[in-house]
Number of protein chains: 2
Amino acid sequence: MPQSNYPGEFEQMVLLVLLRLEDDAYALAVLKELDRSAGRRVSRGTLYKTLDRMEAKGMVEWTTEASTPERGGHPRRLFSVTPTGVEALRASRETLVRLWSGLDVVLGDPAE
Amino acid sequence: MPQSNYPGEFEQMVLLVLLRLEDDAYALAVLKELDRSAGRRVSRGTLYKTLDRMEAKGMVEWTTEASTPERGGHPRRLFSVTPTGVEALRASRETLVRLWSGLDVVLGDPAE
DNA sequence: TGTGCGATGTAGACATTGTCTACATCGAAG
DNA sequence: CTTCGATGTAGACAATGTCTACATCGCACA
């Protein structure tokens, strides 16, 4: 069994953006929000690959849009974070917060 | 030049642990602290590889211990984070803090 | 006085994650 | 028809994460 399942740094950003977008989490919106709030600009291929891999790990899931995909092309996918994904984010944040504690002198105050 | 240099999730932990250990950052101590404060248990080889790669990127540097390496074996290396490394940590923390904001409802309070 | 032990460090291999470019699909506007 | 925009997929390759095996050097002590 493959244990040590820590989401990579980019995977974390994607998970967080998915949570932020709630019902609006389709690929292009994720791409935009990733750029806007994390300054991360990547290609669509990069995002899809990451999303697919996280699905395989049970961190995200999706439904193809049911309502009229009026605007042609492939039916778009609506992503969401699974409980497993949320748990991974929680654990990761907890660890980081603990590691940061006491280092404000050198790292500065994030609320600046 | 390849720019977009984001430290990976494990690299970040290592950098943070190095900062926490200050003058005591030699490999075995890092390994112990990584386990103790981040629950991360890895082999020595893993740590060295990571450290070497980060050195190549200018995030860490080291000096071989000058004072009597009384306890035999190879002279041990004393690691430290460079300003570049500190800056990377700062940027990373800033992004995460921003992405987490507003998500306490789903992620819970880290100060629990 | 040689043998094992502990604290170090190095090398090579391989799995996972990060990232891009090229290509394919399908309505609507020309 | 042809083009365009919004989508998604596939394949390749670079960067990161991780291990095991091996090498070095004092010291304890049989």
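To find a chain, count down the sequence lines: A is the first, B the second, and so on, and within it residues start at 1.
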Figure out the CH2/P separation between B:Trp62 and C:dT8, and round it to whole Å.
-> 16 Å
Contact check, residues 7-17 of chain A vs DNA chain C, heavy-atom distance under 4.0 Å, returns A:Gly8, A:Glu9, A:Phe10, A:Glu11
Please report, to 0.1 Å, the donor-acceptor pairs under 3.5 Å made by any side chain of residues 9-25 of chain A, with sequence neighbours excluded.
unit_1	atom_1	unit_2	atom_2	d
A:Glu9	OE2	A:Arg40	NH1	2.9
A:Glu9	OE2	A:Arg40	NH2	2.4
A:Glu11	OE1	A:Gly8	N	2.9
A:Glu11	OE1	A:Lys57	NZ	3.1
A:Glu11	OE2	A:Lys57	NZ	3.4
A:Gln12	OE1	A:Ser92	OG	2.8
A:Gln12	NE2	A:Ser92	OG	3.4
A:Arg20	NH1	B:Leu99	O	2.6
A:Arg20	NH1	B:Ser101	O	2.8

How long is the line joining CG of B:Asn5 and C1' of D:dT16, in whole Å?
-> 11 Å
How about B:Leu78 and B:Trp62: do any of their side-chain heavy atoms sit closer than 4.5 Å?
-> no
Which nucleotide in D:dT7, C:dC20, D:dT18 has an atom nearest any side-chain atom of B:Thr50 | D:dT18
Measure the distance from CG on B:Leu31 to P on D:dT18 and round it to the nearest whole Å.
-> 12 Å
Give a yes/no answer on whether the side chain of A:Arg76 brings an N or O atom under 4.0 Å of OP1 or OP2 in C:dG27.
-> no
Summary of side chain to side chain donor-acceptor pair (under 3.5 Å) pairs that have at least one residue in residues 78-87 of chain A, sequence neighbours excluded = A:Glu87-A:Arg90
Identify, with sequence neighbours excluded, every residue that meets side chain to side chain contact (heavy atoms under 4.5 Å, CB included) alongside B:Asp35.
-> B:Arg41
Is the phosphate of D:dT20, meaning OP1 or OP2, less than 4.0 Å from a side-chain N or O of B:Arg44?
-> no
5'-most contact on DNA chain D: B:Lys57 or B:Val42, nearest heavy atom basis?
-> B:Lys57
Validation row: B:Arg44, B:Leu28 side chains within 4.5 angstrom (heavy atoms) = yes
May I ask you to test the A:Phe79-A:Leu47 pair for a side-chain heavy-atom distance under 4.5 Å?
-> no
Between B:Tyr48 (OH) and C:dT8 (P), how many Å, whole number?
-> 7 Å
B:Arg53 meets the side chain to side chain contact (heavy atoms under 4.5 Å, CB included) criterion, sequence neighbours left out, with B:Lys49
What distance do A:Leu51 atom CG and A:Glu61 atom CD have between them, rounded to the nearest 0.5 Å?
-> 12.0 Å
Provide, to the nearest angstrom, the distance between the CG atom belonging to B:Leu28 and the C1' atom belonging to C:dG9.
-> 10 Å
Rounded to whole Å, CZ of B:Arg40 lies from P of D:dC19 at a distance of 9 Å
Give me the distances for all protein-to-nucleotides 10-13 of chain D N/O pairs that come in under 3.5 Å?
unit_1	atom_1	unit_2	atom_2	d
D:dG11	N7	A:Lys49	NZ	3.3

Which whole-number value in Å describes the distance from A:Arg77 CZ to D:dA6 C1'?
-> 14 Å
Atom CG of B:Leu47 and atom P of C:dG9 are separated, to the nearest Å, by 10 Å
Flag side-chain contact, heavy atom, 4.5 Å: A:Trp100 against B:Leu96 = yes
